[in-house]
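Notes for the one structure printed next.
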Amino acid sequence: ETGVTQTPRHLVMGMTNKKSLKCEQHLGHNAMYWYKQSAKKPLELMFVYNFKEQTENNSVPSRFSPECPNSSHLFLHLHTLQPEDSALYLCASSPLRGANTDTQYFGPGTRLTVL
Amino acid sequence: QQQVKQSPQSLIVQKGGIPIINCAYENTAFDYFPWYQQFPGKGPALLIAIRPDVSEKKEGRFTISFNKSAKQFSLHIMDSQPGDSATYFCAASVTQGGSEKLVFGKGTKLTVNP
């Protein structure tokens, strides 16, 4: 898990709170991703960043706000969340396409509970 | 067309058995098919992957069989062990906007009994 790290690992917040999730990758990758994993659902892609530029927003509500200051760091800012937003939030990174192992590597996730 | 259908949802085998997990896709633009293994409290970890120009890939006890014409692929775990108990996700990949878009199946929870 040292390749992609996420903090905090667990977070409990009220609906009026503002918090941020942090992801850092040490793999030299150029693309970073946020996913939401809920029980009994496929992994849901939220955002994609390629060379610090957002290339995909998968119809995510504005109460989730991503930030990618450089290719190694990715944040997810949270505000006025709903209880149904409780889930495991996963960060991933990938190299440029064409590399021998050109797929995504995941962090351990942040388990978020919204009260 | 962007879906990956995975079955079964759960699977229980005895130690030494050969669990098989199946996936099917529609989009012929997919060009890379990884499998991920996820233990409770952990993120998914890449297990094995295959490209559509190959019909089979084996790494240790894990084998992917790929049928391009049927648009199906499967994971076989030989001589399964209790430590293999985890949730397994198949995925299909396509490049969009210079980065990889992965579409995941819903997962299969595998239990290997001692």
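Each chain gets a letter, A, B and so on, in the order its sequence line appears, and its residues count up from 1.
- When all heavy atoms of A:Arg9 and B:Gly41 are compared, the closest pair comes out as NH2-O, 3.1 Å.
- Interface remark: of the candidates A:Glu44, A:Glu53, A:Arg111, A:Gln37, A:Gln37 forms the most heavy-atom pairs closer than 4.5 Å to chain B.
- Remark: A:Tyr35 OH to B:Leu102 CG distance equals 4.5 Å, nearest 0.5 Å.
- Counting heavy atoms from C-beta outward, A:Pro42 and B:Lys106 have side chains that approach closer than 4.5 Å.
- Looking at B:Gln38, only its side chain comes within 4.5 Å of chain A, counting heavy atoms on both sides.
- What you find for A:Leu90 and B:Gly43 is that their closest heavy atoms are CD2-CA, 3.8 Å.
- Atom OH of B:Tyr36 is separated from atom CZ of A:Phe106 by 5.0 Å, given to the nearest 0.5 angstrom.
- Under the 4.5 Å side-chain heavy-atom criterion for grouping Ile, Leu, Val, Met, Phe, Trp and Tyr, B:Val94 is connected to B:Phe66 within one hydrophobic cluster.
- Side-chain heavy atoms closer than 4.5 Å link hydrophobic residues (I, L, V, M, F, W, Y) into clusters, and following such links, even through other members, never connects A:Val12 to A:Tyr89.
- Residue B:Lys101 holds its NZ atom at 5.5 Å from CG of A:Asn58, rounded to the nearest 0.5 Å.
- A:Leu45 and A:Phe75 are not part of a single hydrophobic cluster, where members link through side-chain heavy atoms under 4.5 Å apart.
- Hydrophobic clustering, with ILVMFWY side chains joined whenever heavy atoms are under 4.5 angstrom apart, groups A:Trp34 together with A:Val60.
- No continuous path of ILVMFWY side-chain contacts below 4.5 Å connects B:Ile20 to B:Tyr88, so the two sit in separate hydrophobic clusters.
- Summarising the local packing, CD of B:Gln9 is surrounded by 12 or fewer heavy atoms from other residues, nucleotides or ligands at distances under 6.0 Å.
- Both the backbone and the side chain of B:Pro44 come within less than 4.5 Å of a heavy atom in chain A.
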